[in-house]
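Everything below concerns the one structure shown next.
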Amino acid sequence: MQDKILVIGSSGQIGTELVEELRKIKGIENVVASDIKEPQIAQNGPFEQLDVLNKEQLLSVVKKHNTNQIYLLAALLSATAEKHPEFGWELNMNSLFNVLNLAKEGIIQKVYWPSSIAVFGPTTPKQHTPQHTIMEPTTVYGISKLAGERWCEYYHNKYNVDVRSLRYPGLIGYKSLPGGGTTDYAVDIFHQALKNKAYTCFLDENRTLPMMYMPDAIRATISLMEAPAEQIKIRSSYNLAGISFSPKEIASEIEKNIPDFKISYAPDERDLIAQSWPESIDDTEAREHWGWKNEYDLSKMAQDMILNLSKQK
Ligand code: SER
């Protein structure tokens, strides 16, 4: 059967890159982008303006395009959800129910839903955090992602829904900007380094977090979705590891490429969120079950970011 994919939240940090890559693989017409907002950039394929919380609208878009797979990327991220806790919960949970229910009813066949390192909390082991461990998230975003993971597994076990998920680390890319996350600094720092040769970081200089370069994240997502169903043994969400670094470490990497770059620190409430998350992740299960392997380390990522952002100037 031809895959007919709907990407919900296509204008966001992941959506922008995922749509581009899926269209290369599946054909432009087979990947419908959708977002609650009118797109800012010209679309090179089908687009629908869609509020995922509106079930009727969602169903009519799915029917119109004969969609059989949904990538649900719409969400409030960690920092924004702390400012709007009720809406964060509503959007992050009800969007998932709306999509999982379409799969339960047999209208679509496969679902991708992103989870996050935010499912972990201050009582979780911080180094090489294992797949199965203590999970007591303290943010609205983390609570919604952990609850979502449980529901994904539940829908798989109970209704045989083919839902797949990754616990993304902080994502870094040059093609799109993140919005409202705690790990956003690792993208902003490159923009400011090239523009002003200076950056004020909202995290503590030693706040190490798990991160990943976008080409790795997109490749992981598509490999997971394309893997044979029997290889997907975890139906909550897979740990996924790339790079781990602190603001100080990424700043010194940037300095290697931009020698007069200066960083200063003004930690704000986002540093408290970051303090509750792991420093590094053990993703043995993803490696063993469906062959995951990351490609980018810190210096390769930083060089590629600087090279590509410089071209955009
Ligand atoms: N990167 C996200 C954030 O910072 C976590 O998934 O909110």
Side-chain angles (χ1 to χ4, degrees), residues 9 12-18 71-85 87-89 91-93 95-96 112-122 124 126 129 135-149 152 165-191 201-204 207-214 216-218 220-221 224 236-247 250 267-281 283 286 294 296 301 305:
Q13 190 195 13
I14 303 170
T16 309
E17 300 210 22
L18 188 63
Y71 286 70
L72 169 58
L73 306 174
L76 282 202
L77 294 193
S78 57
T80 315
E82 288 307 293
K83 295 203 172 89
H84 309 282
F87 182 61
W89 176 256
L91 175 63
N92 295 358
M93 296 313 300
S95 59
L96 179 60
Y112 179 78
W113 179 78
S115 186
S116 160
I117 53 160
V119 291
F120 301 115
T124 303
K126 279 210 178 300
T129 303
M135 298 170 88
E136 296 181 322
T138 49
T139 62
V140 173
Y141 178 73
I143 295 169
S144 74
K145 288 293 178 187
L146 179 56
E149 285 192 6
C152 287
S165 175
L166 297 171
R167 290 174 181 155
Y168 289 126
L171 299 180
I172 302 161
Y174 60 88
K175 294 185 184 170
S176 55
L177 288 171
T182 300
T183 57
D184 296 10
Y185 93 86
V187 179
D188 297 344
I189 195 171
F190 285 100
H191 288 267
C201 184
F202 57 74
L203 298 186
D204 181 89
R207 190 69 61 228
T208 300
L209 287 172
M211 300 276 184
M212 180 173 283
Y213 197 34
M214 199 57 101
D216 271 345
I218 299 295
T221 308
L224 176 77
S236 51
S237 190
Y238 276 95
N239 273 11
L240 188 72
I243 328 165
S244 274
F245 57 79
S246 64
I250 194 175
D268 66 15
E269 69 287 347
R270 287 168 284 188
D271 191 54
L272 292 174
I273 298 178
Q275 268 177 53
S276 75
W277 290 351
E279 294 188 352
S280 60
I281 298 289
D283 62 356
N294 68 304
Y296 285 87
M301 178 275 285
M305 277 295 281

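Atoms within a ligand are numbered from 1 in the order they appear, just like the ligands themselves.
Between Y185 and R270, every side-chain heavy-atom pair lies at or beyond the 4.5 Å cut-off. A heavy-atom distance below 4.5 Å is found between the side chains of Q13 and M214.
Annotation: side chain to side chain contact (heavy atoms under 4.5 Å, CB included) contacts of T139 (sequence neighbours excluded): E82, Y141, I273. Residues passing the side chain to side chain contact (heavy atoms under 4.5 Å, CB included) test with L209, sequence neighbours excluded: T183, L203, M211, A274, W277. Taking S144 as the reference, W89, N92, M93 meet the side chain to side chain contact (heavy atoms under 4.5 Å, CB included) condition, with sequence neighbours excluded.
Under 4.0 Å from any atom of ligand 1, one finds heavy atoms of residues L77, S78, S116, Y141, G181, T182, T183, W277.
Residues T124 and T129 bring no donor and acceptor atom of their side chains to less than 3.5 Å of each other.
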